[in-house]
Protein chains: 2
Amino acid sequence: MPTHHQGNKQEQQALNAYISLLRCTETVTSATCRHLAAEKLSVGQFGTLEALYHLGPLCQRDIAKKLLKSGGNVTTVVDNLEKRALVERRRMPEDRRYYSVALTDVGQELITRIMPRHIDNIATRLAVLSPQEQDDLRRLCRKLGLTG
Amino acid sequence: MPTHHQGNKQEQQALNAYISLLRCTETVTSATCRHLAAEKLSVGQFGTLEALYHLGPLCQRDIAKKLLKSGGNVTTVVDNLEKRALVERRRMPEDRRYYSVALTDVGQELITRIMPRHIDNIATRLAVLSPQEQDDLRRLCRKLGLTG
DNA sequence: CTTGAATTGTTTAAGTTTAAACTATCAGCC
DNA sequence: GGCTGATAGTTTAAACTTAAACAATTCAAG
């Protein structure tokens, strides 16, 4: 529902796009991540496991950059994953400021088991759009999302 | 950066669109809402003031629906706004389960003062896209975001 | 060597968010 | 009237998030 009155035509158009973008993301993430509750995983925890799965061991700073979250948050997330033995920290001897955070076997097993469902959720949801539309959406979001 | 290996072509395409969408929204909201900190307003508080500004007095349930947040959250948000005398609750005599939540004069003044900056932030950010692209983005997000 | 700046990660305090249990109110039905 | 179910809002506990202050480590310049 477009908001009313204030602003010129150009602002109105930008607002409409903005509102649609936010609501869409909220709806889609809510739908695609709902299944994580069954594994007692928060979105941040899942994102961390996923990053380690795809990229291999990372230091916390790189995890934070990847998830767009604060360093303190990553400390908490990794703490909680470590308590469940899904990841482990290893001090890097060559630079003892770093931890290398890596999946354990249990963590590997968990993320391997969950990923298909997650990807399927996303693919099913995105299938509302044609392949061409998916590419269009990707292009527009990348253009709009460039940091600055 | 596209993730690698798992999944067929179609899943890969959906994933790419999904990741771009999420990162874009994160980047854009972070940029457009940064100015709210100066007024000590959270995004939820601002969203509530904005909804009341555009739509007039609402009950908490309608605010929750509009913001896509839980009812308990709206109670907290309205509590905090009420403490600052930016909104006020009025019991509806015709159905005493409802509160009508409305902007006070102070709240009206605040949101009126802040909105131009907020809209300008959005318009400036969205100006990275051409008018046609903004409409395309809106259309795609609306199509993708339909609840289900 | 040593001083100091920069970087990594931790802690703390405060605020946000949710789900679930709870109270209050309403509407329909006997 | 009194019961029943539905709805609006509140409360509580737990989890998540952040900014800011902090400690540990590295590295470069003197």
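Naming convention: chains lettered A, B, ... in sequence-line order (proteins, then strands); numbering from 1 in each chain.
For R89(A), the side-chain hydrogen bond (donor to acceptor under 3.5 Å, both in side chains) partners at least two apart in sequence or on another chain are Q60(A), D79(A), E82(A). For the side-chain contact (heavy atoms from CB on, under 4.5 Å) test, residues two or more places apart in sequence or in another chain that qualify with V106(A) are L86(A), T104(A). Residues that satisfy the side-chain hydrogen bond (donor to acceptor under 3.5 Å, both in side chains) test with E94(B), not counting sequence neighbours, are absent from this structure. With sequence neighbours excluded, no residue forms a ring-ring contact (aromatic ring centres under 6.0 Å, His included) with Y99(B). Applying the side-chain hydrogen bond (donor to acceptor under 3.5 Å, both in side chains) rule to K65(B) yields no partners; only residues at least two apart in sequence or on another chain are considered.
Rounded to an integer number of Å, the gap from CD of E94(B) to P of dT25(C) is 15 Å. The nearest whole Å value for the distance from the CD atom in E82(B) to the P atom in dG9(D) is 13 Å. Rounding to whole angstrom units, NZ of residue K83(B) and P of dA14(C) are separated by 14 Å. As a whole-Å value, the separation of L67(B) CG from dG9(D) P is 13 Å.
When each of P93(A) and K40(A) is assigned the nucleotide of DNA chain D with its nearest heavy atom, K40(A) is the one assigned upstream, toward the 5' end.
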Short N/O separations, protein against nucleotides 15-17 of chain C, under 3.5 angstrom:
unit_1	atom_1	unit_2	atom_2	d
dT16(C)	OP2	N80(B)	ND2	3.4
dT17(C)	OP2	N73(B)	OD1	3.3

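Pairs engaging residues 37-48 of chain A under the salt bridge (charged side-chain N to carboxylate O under 4.0 Å, His left out) rule: E39(A)-R113(A) [sequence neighbours left out]. For residues 115-124 of chain A, every residue pair satisfying the side-chain hydrogen bond (donor to acceptor under 3.5 Å, both in side chains) rule, not counting sequence neighbours, is listed here: H35(A)-H118(A).
Remark: the backbone N or O of S100(A) is not paired with any side-chain donor or acceptor of R90(A) at under 3.5 angstrom.
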(message) Base contacts versus sugar-phosphate-only contacts with protein, heavy atoms under 4.0 Å: please encode nucleotides 3-9 of chain C as B, S and - from 5' to 3'.
(response) ----BSS
